[in-house]
Amino acid sequence: MPLTAAASTGPQFVPVVGKVGGAAGTNFVTDVRIINHGSTDAEVTLDFFRQSDSAQTTPTATTVVTVAPGEQRTIDDLIGFLGTTGLGG
């Protein structure tokens with residue numbers, strides 16, 4: 001789900017992310033790439049809201065990553081990177 005430079009100045013949402021097992025031993029793992037096309041460091045807040053029957057008002061896990069100008073930050077297994085498990089957004 002690529003975002004344009006103009007769109008990336010505010011909050012962006014990935015509707016489904018997770019680290020869960022599937023049928024027949026398969027796994028679903030979310031990887032992300034964050035690219036800073038700007039000329040200054042970008043502070044990117046990553047919030048994970050685990051799937052729940054009740055409304056989530058605070059993230060299950062959160063962290064801030066710094067992406068330098070011209071850098072592509074690779075995060076394989078986003079949920080593992082955040083130190084949690086499950087399915088959510």
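Source: prediction; values computed, not measured.
- Evaluation of the side chain to side chain donor-acceptor pair (under 3.5 Å) rule for Thr63 yields no partner, not counting sequence neighbours.
- In this structure, the side-chain contact (heavy atoms from CB on, under 4.5 Å) partners of Thr84, at least two apart in sequence or on a different chain, are Phe48, Arg50, Thr60, Ala61, Ile79, Leu82.
- A continuous path of hydrophobic side-chain contacts links Val65 to Val32 [ILVMFWY only; heavy atoms under 4.5 Å].
- Residues satisfying the side-chain contact (heavy atoms from CB on, under 4.5 Å) criterion with Glu71, sequence neighbours excluded, are Val67, Ala68, Arg73.
- For Thr74, there are no side chain to side chain donor-acceptor pair (under 3.5 Å) partners two or more places apart in sequence or in a different chain.
- Every residue was checked against the side chain to side chain donor-acceptor pair (under 3.5 Å) condition with Asn36, not counting sequence neighbours, and none meets it.
- Rounding to the nearest 0.5 Å places CD1 of Ile75 at 5.0 Å from CG of Leu46.
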Please report, to 0.1 Å, the donor-acceptor pairs under 3.5 Å made by any side chain of residues 15-28, with sequence neighbours excluded.
unit_1	atom_1	unit_2	atom_2	d
Lys19	NZ	Asp77	OD2	2.8
Thr26	OG1	Ala23	N	3.4
Thr26	OG1	Ala23	O	2.8

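- By the rule that hydrophobic residues join a cluster once side-chain heavy atoms approach within less than 4.5 Å of another member, Val14 and Val44 end up as members of one cluster.
- Under the side chain to side chain donor-acceptor pair (under 3.5 Å) criterion, Ser52 pairs with Ser54, not counting sequence neighbours.
- Legend: residues meeting side-chain contact (heavy atoms from CB on, under 4.5 Å) with Thr45, ordered by chain and number and at least two apart, are Asp47, Thr62, Val64.
- Residue pairs meeting the salt bridge (Lys or Arg N to Asp or Glu O under 4.0 Å) criterion with at least one member in residues 58-67: none, sequence neighbours excluded.
- Across every non-hydrogen atom of Pro69 and Gly38, the tightest pair is CB-O, 3.4 Å.
- Taking Asp76 as the reference, Arg33 meet the salt bridge (charged side-chain N to carboxylate O under 4.0 Å, His left out) condition, with sequence neighbours excluded.
- Applying the salt bridge (Lys or Arg N to Asp or Glu O under 4.0 Å) rule to pairs touching residues 52-62 yields nothing, sequence neighbours excluded.
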